[in-house]
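Everything numeric here is computed off the predicted structure, so don't read it as measured data. Note that the numbering runs from 1 along the sequence shown for the chain.
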Amino acid sequence: MRAPDPRRRYDLDWLRIGATFLLFPFHVAKVFDVLPIYHVKNDELVPALDWLTAFVHQWHMPLFFVLAGWSAYATIARHGTGGFLRERVRRLLVPFLTGVVLLCPVIKWLELRSGLSITAAGARALAMPFDESFLAFLPTFFTRLDRFTWSHLWFLLYLFTFSVVFAPLLGRLARTRRTFAPPSKLALYYPLVPLILIQTTLRLRWPGVQNLYDDWANVTYYGLFFLLGFAMARWPVWEDRVAREWRRAGMIGLGAYLVLAGAWLGLGAVGSQALAGRSLVLVLPMQALTAVVGYALVVALLGLARARRPHDFPLRAYLAEASLPIYVLHQLAIVALGYVLIQTSAPVPVKLPLLLASSFALTVAVYRFVVRRSPLLTVALGGRRHDVRDESVTRLPVSVRS
């Protein structure tokens with residue numbers, strides 16, 4: 001057995017694994033919650049699920065981008081800016097293109113068949129039933145914007161864009177000898193200032209759909225989390241502050257969410273639905289709270305994972321390698337099986353756990369018995385060839401750590 005690598009951050013591996021597999025209950029719940037936006041929706045919706053999906057939404061993707069920024073430093077420090085960009089093409093652009101070509105047409109076709117249309121402008125119900133065959137629809141997927149989607153793969157495209165745009169800056173920061181130490185406990189919360197500004201200004205104009213070209217709120221918000229992850233990896237003194245502050249950050253995040261949830265409860269709607277038509281006097285504080293919840297809970301999760309100091313065992317390595325391919329694959333399994341289930345008359349308490357179990361089993365089975373047995377598919381979905389020694393994206397070179 002290979003000895004444990006002291007440079008490897010198993011806590012970050014487990015956070016990334018947990019965030020990936022959380023996508024199953026989150027997206028399954030989206031089939032049955034009231035909040036938009038999702039590709040298929042059950043006829044009977046459950047407003048109580050809005051509280052789950054709205055809560056997870058506040059911190060889930062910010063955590064993904066922080067972890068991605070952390071891994072960006074590890075790659076640049078080990079391979080330089082050029083090597084980082086080559087790795088980003090292989091690990092982000094290739095699986096993005098693979099998913100768009102092979103998976104997203106089916107997702108969009110099932111979306112239209114279910115009577116919904118999600119475009120860059122948002123989600124709407126179709127006025128007329130969509131009855132085109134898949135073969136008739138397929139060419140139009142690549143030629144009409146109203147029939148195109150990159151679905152959940154927006155994360156890979158945004159992350160690739162951040163990597164390319166920020167590469168010169170990240171390379172310079174990785175080489176600098178300057179130390180940026182937090183002057184006080186309060187300094188850990190300085191990033192809340194730009195995050196709150198984004199949520200209270202840009203978010204009002206660009207509320208949501210991840211279309212990249214007209215989505216400045218998400219670009220700046222998630223881009224900042226990406227840079228924060230890089231900074232924490234580059235200057236571990238900031239992570240030391242996180243390790244000492246995570247309990248307080250957790251209480252701040254949960255407290256802010258309780259205030260936000262109380263406002264939603266008073267307004268009789270959850271999430272973005274609660275803000276429609278409201279005055280700025282009400283909207284701005286609620287938008288500010290979303291930044292506090294997201295940032296504080298990400299800090300709390302990073303600190304909690306480090307405090308628990310999880311050990312290594314074979315399942316961790318397998319799941320870490322599987323995370324990206326499973327991320328790419330999981331949405332089609334949920335949408336396809338969900339489309340079948342919503343046609344039945346079964347009640348939600350039957351449909352929801354059945355969809356969760358079956359989509360999870362199908363995704364893992366496809367990865368285990370199809371993807372891993374094909375070197376081409378493994379690489380196409382962002383995995384590593386099994387004859388190449390795994391290098392964790394959360395393992396930092398000793399020589400470059402501050």
Side-chain angles (χ1 to χ4, degrees), residues 5-9 12-13 15-16 20 61 63-101 150 153-180 210 212-213 218-220 222-239 317 320-325 327-328 375-402:
D5 188 336
R7 296 171 296 170
R8 187 145 190 167
R9 292 295 303 274
L12 300 183
D13 272 349
L15 277 177
R16 182 160 48 89
T20 299
M61 294 313 299
L63 177 62
F64 265 127
F65 280 102
V66 166
L67 295 174
W70 205 302
S71 72
Y73 173 64
T75 303
I76 289 178
R78 186 178 295 272
H79 301 296
T81 304
F84 167 70
L85 290 174
R86 288 190 294 272
E87 191 260 2
R88 296 294 84 182
V89 168
R90 182 176 65 84
R91 295 275 286 169
L92 297 175
L93 186 59
V94 169
F96 169 78
L97 294 174
T98 301
V100 165
V101 172
W150 47 51
L153 301 178
W154 71 266
F155 168 66
L156 301 183
L157 181 61
Y158 276 53
L159 185 51
F160 179 76
T161 302
F162 295 159
S163 300
V164 172
V165 171
F166 293 140
L169 171 64
L170 301 183
R172 182 178 293 272
L173 291 177
R175 294 189 300 270
T176 185
R177 295 183 178 276
R178 293 186 62 186
T179 299
F180 295 92
Q210 294 90 4
L212 187 62
Y213 65 87
N218 282 324
V219 166
T220 53
Y222 293 133
L224 184 53
F225 276 108
F226 174 77
L227 293 175
L228 288 172
F230 183 92
M232 286 186 183
R234 176 62 186 87
W235 294 286
V237 64
W238 285 91
E239 191 197 1
E321 183 180 340
S323 291
L324 181 53
Y327 179 92
V328 175
L376 179 61
L377 278 178
T378 297
V379 173
L381 294 180
R384 293 181 173 87
R385 292 284 296 271
H386 305 312
D387 57 344
V388 177
R389 187 172 183 262
D390 177 46
E391 293 184 20
S392 170
V393 296
T394 53
R395 181 170 54 203
L396 301 184
V398 173
S399 61
V400 298
R401 295 196 63 168
S402 301

Indicate every side-chain donor-acceptor pair of residues 159-174 with a distance under 3.5 Å to a residue at least two apart or in another chain.
residue: Thr161; atom: OG1; partner: Leu157; partner atom: O; Å: 2.8
residue: Ser163; atom: OG; partner: Leu159; partner atom: O; Å: 2.8

- Task: Taking Trp235 for its side chain and Arg178 for its backbone only, find out whether a donor-acceptor pair lies under 3.5 Å.
- Result: yes
- If only atom types and distance count, is the side chain of Trp150 paired as donor or acceptor with the main-chain N or O of Gln210 below 3.5 Å?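 Yes.
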Side chains of [X] and [Y]: does their closest heavy-atom pair fall under 4.5 Å?
X: Leu12; Y: Leu15; value: yes
X: Trp70; Y: Arg16; value: no
X: Arg234; Y: Ile76; value: no

- Aromatic ring proximity Phe225/Phe64, centre distance under 6.0 Å: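 Not close enough - the centres of the two rings lie 6.0 Å or further apart.
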- Message: Using the ring centroid of each side chain, check whether Phe65 and Tyr158 are separated by less than 6.0 Å.
- Response: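 Judged by ring-centre distance (under 6.0 Å), Phe65 and Tyr158 do not meet the cut-off.
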Least distance between heavy atoms, [X] atom then [Y] atom:
X: Glu239; Y: Met232; value: CB-O, 4.5 Å
X: Gly99; Y: Val328; value: CA-CG1, 4.4 Å
X: Ala380; Y: Thr98; value: O-OG1, 3.1 Å
X: Phe84; Y: Ala72; value: CE1-CB, 3.6 Å

If you round to the nearest 0.5 Å, how far is [atom2] of [Y] from [atom1] of [X]?
X: Thr20; Y: Leu324; atom1: OG1; atom2: CG; answer: 8.0 Å
X: Thr81; Y: Arg86; atom1: OG1; atom2: CZ; answer: 10.0 Å
X: Leu227; Y: Thr220; atom1: CG; atom2: OG1; answer: 11.0 Å
X: Phe155; Y: Met61; atom1: CZ; atom2: CE; answer: 5.0 Å

- Message: Applying side-chain contact (heavy atoms from CB on, under 4.5 Å) to Glu87 and Arg78, what does each step give before you reach the verdict?
- Response: CA-CA 11 Å; Glu87 191 260 2; Arg78 186 178 295 272; over 6 Å; no
